[in-house]
2 protein chains.
Amino acid sequence: MNALATHVPMPATLPAQQAMAAAGPIDIEELSRHVQVLRRKLAPGQHVYRAGQPFHAIYLVHAGFLKTCELSEDGRERVTGFRMRGDLVGVESIGLAHYACDVVALDDSEIWELPYPPVLHACLQLPELQIRLTAALAGEIRNDRAWMLALGTLTAEQRVAAFLLDMAERHLRLGFSPRHFLLRMGRADIASFLGIKHETVTRALSRLDRLQCIDVQRREIRLLDTDGLRRMAGQGETLH
Amino acid sequence: MNALATHVPMPATLPAQQAMAAAGPIDIEELSRHVQVLRRKLAPGQHVYRAGQPFHAIYLVHAGFLKTCELSEDGRERVTGFRMRGDLVGVESIGLAHYACDVVALDDSEIWELPYPPVLHACLQLPELQIRLTAALAGEIRNDRAWMLALGTLTAEQRVAAFLLDMAERHLRLGFSPRHFLLRMGRADIASFLGIKHETVTRALSRLDRLQCIDVQRREIRLLDTDGLRRMAGQGETLH
DNA sequence: ACCCTGTGTAACAGTCGGTAACAGTCGCGC
DNA sequence: GCGCGACTGTTACCGACTGTTACACAGGGT
């Protein structure tokens with residue numbers, strides 16, 4: 001996810017990780033000399049792509065907010081992540097003939113479409129691009145693994161706390177306030193992502209509010225006691 | 001959710017897809033002409049690498065059985081996957097200065113060390129290698145996502161059933177019997193991977209045994225009713 | 001033989017899911 | 001502007017599943 005245009009990342013919520021070695025922003029100007037970059041705007045609810053559609057491009061989120069959904073043949077569905085500006089979308093489907101999941105805009109968004117075979121070809125002339133693409137994929141794996149760790153070892157309330165810290169971290173990285181932000185997704189999406197029920201998300205948020213850790217007004221979140229949240233999420237104290 | 005068409009339920013039967021499945025194996029002959037491949041043998045319990053050690057290579061499992069462990073600063077630990085012949089190890093750390101997790105042999109194993117900068121460099125001369133490496137990384141992401149879906153939507157018993165089916169599938173792919181195999185890891189490792197407790201794993205296995213779905217003798221597993229297991233794991237019938 | 005680890009079983013406790021009723025918000029049409 | 005209806009979010013209660021704790025047994029290694 002956090003990819004070409006941004007610096008590194010790791011789920012801040014989880015085990016802190018070092019910055020991606022040498023991974024600075026990629027030069028979109030340079031890339032667009034090799035690849036035809038198409039801009040697409042999306043309204044909330046619109047799909048970037050759906051599972052099963054022919055794979056032909058990866059996407060860079062330029063603005064807005066999206067979710068990626070994994071689905072199984074028997075109807076189970078799960079949100080596997082949320083994407084914001086700078087994140088790459090579609091990399092999980094590289095190497096397949098068809099996309100493997102759904103990506104849906106949760107807010108008005110703009111994404112840049114990077115046709116895939118051309119990107120691969122450009123890598124041969126821009127070694128730097130190849131390094132960054134590979135690193136972005138690896139970062140995605142680490143991100144998923146970090147959440148797997150969290151989801152497998154934390155209680156429902158801890159997961160919610162970790163989720164809020166992750167959102168705060170990502171908002172901070174994009175230059176927004178990490179203490180006061182708006183959730184762009186509903187309780188159901190958060191619940192799906194965290195592997196719990198939406199009522200449980202509500203309950204956890206209510207309790208964190210009662211404990212003075214946060215202030216919740218529906219989708220408006222204020223972090224009042226970040227260290228308290230961190231302790232709760234099973235993470236050591238960090239700053240900010 | 002959208003029952004609207006265009007969806008080709010793509011998800012593989014199980015979170016079984018291996019990293020290499022998408023693109024076929026890397027041509028080691030060709031690769032070794034560009035990269036110095038070092039063979040290492042490991043006894044059970046030995047580490048391929050530990051989190052924090054300098055990153056310098058990725059590995060191809062040639063024989064044996066290993067586990068990858070994610071750890072957090074506050075001591076939580078979790079098995080994020082098991083690796084067998086043909087699987088790549090270490091790709092999650094690409095782009096970092098240090099490895100991000102532990103990899104431990106669970107059985108006598110042999111791995112081939114592929115120094116990383118040389119691999120990257122070789123990609124420039126072997127486009128096919130780049131495609132395969134990228135596809136392997138993407139496959140790894142899909143594998144993780146598929147398990148995230150499973151762990152977030154299935155009960156403990158369903159997870160165990162899904163786990164057994166996954167092991168069966170992988171044994172089959174390597175040419176071993178998918179109906180009768182030996183688990184190389186202990187209950188604790190299975191539990192950690194599935195995000196449940198080892199007693200729960202035991203309970204689930206005992207119940208599946210009682211239901212005549214499987215036959216368990218400590219680490220020796222026989223699948224008696226594969227379709228029953230699939231139904232239980234929330235997957236449609238498939239063959240084999 | 002001994003110890004130590006891994007595995008199996010059981011009783012109990014706690015969290016979380018299931019269900020339902022209610023409240024607040026938003027969009028829509030009148 | 002107002003009211004209606006659909007949707008989202010909130011809260012409560014109950015029960016099931018899973019975690020906890022404890023103990024016994026088997027197997028491998030020393």
Side-chain angles (χ1 to χ4, degrees), chain A residues 43-45 67 76-79 104 106-108 150-164 182-211 214-222 232-234, chain B residues 1-2 43-45 65 67 76-79 104 106-108 150-164 182-211 214-221 232-234:
Chain A
K67 65 174 175 180
R76 281 177 297 134
E77 178 180 347
R78 181 158 176 202
V79 175
V104 190
L106 293 172
D107 201 354
D108 287 303
L151 302 188
T153 57
L154 301 181
T155 66
E157 194 171 305
Q158 291 177 311
R159 297 182 201 190
V160 173
F163 172 75
L164 291 176
L182 227 54
L183 297 175
R184 304 326 204 312
M185 75 298 282
R187 299 290 190 266
D189 283 333
I190 300 175
S192 174
F193 177 66
L194 296 178
I196 55 184
K197 296 299 165 190
H198 67 93
E199 293 92 334
T200 305
V201 172
T202 291
R203 281 189 281 257
L205 288 174
S206 298
R207 213 175 91 85
L208 291 175
D209 183 305
R210 213 175 311 127
L211 293 175
I214 62 176
D215 180 75
V216 190
Q217 301 289 340
R218 301 186 68 80
R219 298 193 178 184
E220 186 180 0
I221 303 287
R222 258 175 236 275
M232 198 158 301
Chain B
M1 57 174 275
N2 302 315
F65 203 87
K67 66 174 175 181
R76 282 175 297 133
E77 177 180 346
R78 181 157 176 204
V79 175
V104 190
L106 292 172
D107 200 354
D108 287 303
L151 301 188
T153 57
L154 301 181
T155 66
E157 194 171 305
Q158 291 176 311
R159 297 182 201 190
V160 172
F163 172 75
L164 291 176
L182 227 54
L183 297 174
R184 307 320 206 312
M185 75 298 282
R187 298 290 188 268
D189 283 333
I190 300 174
S192 173
F193 177 66
L194 296 178
I196 54 183
K197 295 299 166 187
H198 68 91
E199 291 90 337
T200 305
V201 173
T202 292
R203 274 197 285 251
L205 287 174
S206 299
R207 213 173 93 85
L208 290 175
D209 183 305
R210 211 176 311 127
L211 293 175
I214 62 176
D215 179 74
V216 191
Q217 302 287 347
R218 302 183 69 80
R219 296 192 179 186
E220 186 181 359
I221 303 287
M232 197 158 301

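Residue numbers begin at 1 in each chain, while the letters A, B, ... track the order of the sequences.
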Where Ala156(B) and Thr200(B) come nearest, the two heavy atoms and their spacing: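 Heavy atoms only, the tightest pair is CB-CG2, 3.5 Å.
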
For Leu194(A) against Arg78(A), the heavy-atom pair lying closest together: C-NH2, 4.1 Å

Leu164(A) vs Leu205(A), side-chain contact (heavy atoms from CB on, under 4.5 Å): CA-CA, chis, key distance, verdict: CA-CA 10 Å; Leu164(A) 291 176; Leu205(A) 288 174; 4.0 Å; yes

Arg222(A) and Glu220(A): CA distance, side-chain angles, deciding distance, salt bridge (Lys or Arg N to Asp or Glu O under 4.0 Å) verdict: CA-CA 7 Å; Arg222(A) 258 175 236 275; Glu220(A) 186 180 0; 3.3 Å; yes

Taking atom [atom2] of [N] as reference, at what distance in whole Å does atom [atom1] of [X] sit?
X: Glu220(B); N: dA26(D); atom1: CD; atom2: C1'; answer: 15 Å
X: Arg184(A); N: dT8(D); atom1: CZ; atom2: P; answer: 18 Å
X: Lys197(B); N: dC17(D); atom1: NZ; atom2: C1'; answer: 15 Å
X: Arg187(A); N: dT11(D); atom1: CZ; atom2: P; answer: 10 Å
X: Leu194(B); N: dC17(D); atom1: CG; atom2: P; answer: 18 Å
X: His198(A); N: dT8(D); atom1: NE2; atom2: P; answer: 10 Å
X: Met232(B); N: dC17(D); atom1: CE; atom2: P; answer: 13 Å
X: Leu183(A); N: dG9(D); atom1: CG; atom2: C1'; answer: 12 Å

Selection from dT11(D), dG19(D), dT8(D) that lies nearest to any side-chain heavy atom of Thr202(A):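 The listed nucleotide nearest to Thr202(A)'s side chain is dT11(D).
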
Glu157(B)/Arg159(B) ion pair, N-O < 4.0 Å: no

Touch class at under 4.0 angstrom, heavy-atom based, for Leu205(B) against every strand present: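 No contact.
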
Base dG19(D) paired with Arg203(B) side chain (donor-acceptor, <3.5 Å):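 Present.
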
Positional range of nucleotides in DNA chain C within the contact set of chain B, heavy-atom, under 4.0 Å: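 Counting from the 5' end, contacts occupy dG6(C) to dA11(C).
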
Nearest-nucleotide 5' precedence on DNA chain C, Gly195(A) against Ala188(B): Ala188(B)

Toward the 5' end of DNA chain C, by each residue's nearest nucleotide, Glu157(A) or Glu199(A): Glu157(A)

Ser192(A) side-chain N/O to Ala188(A) backbone N/O, donor-acceptor pair under 3.5 Å: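 A pair under 3.5 Å: no.
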
Sub-4.5 Å side-chain heavy-atom contact between Leu182(B) and Ile221(B): no

